[in-house]
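Letters go in sequence order (proteins before strands), and every chain restarts at 1.
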Amino acid sequence: MPELPEVEVICQGLRPHLVGRVVIDVQASGKPLRHLAPLAAMQEMLGGKRVKTVSRRAKYLLIAFDDETLLIIHLGMTGNVGLFSQTAPVKVHDHVRWQLENGYELRLHDSRRFGGVWLLSAEQAEARESGFFAATGLEPFSLGCTPAHLMSLAAKRNQPVKTFLMDGKAVAGIGNIYANEALFAAGIHPARPASTLRKRDWQQLLFLIRSILSQAICCGGSTISDFINASGESGYFQMNFQVYNRKGGPCSRCGAAIEKIVITGRATYFCPRCQKESKAHPVHI
DNA sequence: CAAGTTACCTGACGGC
DNA sequence: TGCCGTCAGGTAACTT
């Protein structure tokens, strides 16, 4: 489910309701996740602690406490977090519940259990960029993320540009939907080797990545099947998909049928006329 | 060592 | 109706 815009929407939705609240207990379903901080450790390290900040890094949600202990939540493919009354019925795939002093609790719901929960000490949290996030690429909106930076990273790669964009070690937060959409907007064929893009291509592509991610955040994210924000509401950016999940449909720019291929095991959608192998023709959006 | 493949899980959907 | 194969927004451990 969640790429950068969806996690950002959840983060913004939770922040006003979570900052200042105190965790009093933690419950878990007992089912394994891709990673799950031990329940006893969460109860001991978070019990009585007050939430100080709620933020995002890549596709991870970061909840920092007043003593700088850091709770990290990743939503995998199907994960979702939201605030519920402690008296609301617990659903089948509610795997972790962080109970608050005000009668509410934060619930992690994740049917496929590809998500994860980590707990970092204040020291580990302080050094997270050289520790937990050491292998994570730059945020696409950060000042350091420049066309030159991306081009130098891509210079060593023969892989398709779409695979490069989706590699969280190169640039953070771009998943299958937004990689497809950004490459359509830039008029770049998704299978084109990342090393063949020129400075001008990277300038346009980065501008369009930022533009599309921003639009998606403003729309409340994309709802494919089960994404809802922290208030239980759907996003609307899927209304704006130009290529993703539109095989056979008309290209909004030229009318040609959108094609679907597989690149590095992932469904890839593109316009065969607007996204030629060799040249980049940015689509006016 | 870069890059492709498989594994981790459940649920939705289409074909028969 | 139901059974079976396929596919899904992510990541990391494998293999080649």
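Following rounding to the nearest Å, A:W118 (CH2) and C:dA12 (C1') show an atom-to-atom distance of 11 Å. Straight-line distance from the CG atom of A:N158 to the P atom of B:dA3: 5 Å, rounded to whole Å. The distance between atom CD of A:E181 and atom C1' of C:dG9, rounded to the nearest whole Å, is 13 Å. Across the protein-nucleic acid pair, A:N80 atom CG and B:dG11 atom P stand 15 Å apart, rounded to whole Å. Rounded to a whole Å, the CD atom of A:E6 is 17 Å from the P atom of C:dA8. We find that NZ of A:K31 is positioned 9 Å from P of B:dG11, with the value rounded to whole Å. Atom NZ of A:K247 is separated from atom C1' of B:dG14 by 14 Å (rounded to the nearest Å). Spacing between atom CZ of A:R113 and atom P of B:dG11 amounts to 10 Å, rounded to whole angstrom units.
Contact annotation: A:R34 does not reach the phosphate of C:dG10 (side-chain N/O to OP1 or OP2, under 4.0 Å). Remark: A:K260 is in phosphate contact with C:dA8, judged by side-chain N or O atoms under 4.0 Å from OP1 or OP2. Contact between the side-chain N/O atoms of A:R266 and the OP1/OP2 oxygens of C:dG10 is found at a separation under 4.0 Å. Distances shorter than 4.0 Å separate none of the side-chain N or O atoms of A:K59 from OP1 or OP2 on C:dG9.
Residue-level contact check: A:D110 touches neither bases nor backbone, having no heavy atom under 4.0 Å from any strand. Looking at heavy-atom distances under 4.0 Å, A:G265 makes no contact with the nucleic acid at all.
Checked against B:dA3, B:dT10, C:dT11, the side chain of A:Y60 finds its nearest nucleotide in C:dT11. Of the listed nucleotides (C:dG9, B:dG4, B:dA3), B:dG4 has the atom at the smallest distance from the side chain of A:T264. Taking only side-chain atoms of A:Y244, from C-beta outward, the nucleotide of C:dT11, B:dA3, C:dG9 with the closest atom is C:dG9. The side chain of A:H93 approaches B:dT10 more closely than any other nucleotide in the set C:dG10, B:dT10, C:dC7. Between C:dA8, B:dA3, C:dG10, one nucleotide has an atom nearer to the side chain of A:E3 than all others, and that is C:dG10. Across C:dG10, B:dT10, B:dA3, the shortest atom-to-atom separation from the side chain of A:Q159 is found for B:dA3.
A:E8 places none of its side-chain heavy atoms less than 4.5 Å from the side chain of A:L213. Using a 4.5 Å cut-off on side-chain heavy atoms (C-beta onward), A:E68 and A:E126 make no contact.
Base pairing of C:dG9 is not made with any nucleotide, judged by Watson-Crick or G-U wobble geometry with both donor-acceptor distances under 3.5 Å. Base pairing annotation: B:dA3 forms a Watson-Crick or G-U wobble pair with C:dT15, both donor-acceptor distances under 3.5 Å.
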Requested in this report: Could you walk me through whether A:R128 and A:R57 pass the side-chain contact (heavy atoms from CB on, under 4.5 Å) test, one step at a time?
Outcome: CA-CA 11 Å; A:R128 63 180 177 268; A:R57 172 79 170 94; over 6 Å; no
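Atoms CZ and NE2, on A:R107 and A:H93 in that order, are 14.5 Å from each other to the nearest 0.5 Å.
Cluster membership for A:F65 and A:V96, using ILVMFWY side-chain heavy atoms within less than 4.5 angstrom, is shared.
DNA chain C is contacted by both A:H74 and A:R112; A:R112 maps to the nucleotide lying nearer its 5′ end (nearest heavy atom per residue).
The aromatic ring of A:F114 sits over the base of B:dC8, with ring centres less than 5.5 Å apart and planes tilted by under 30°.
Spacing of P atoms, B:dC9 relative to C:dC3, comes out at 24 Å, to the nearest Å. For C:dA12 and B:dG11, the C1' atoms lie 23 Å apart once the distance is rounded to whole Å.
Judged by a 6.0 Å distance limit and a 45° cone about the ring axis, A:R21 is not positioned over the six-membered ring of A:Y104.
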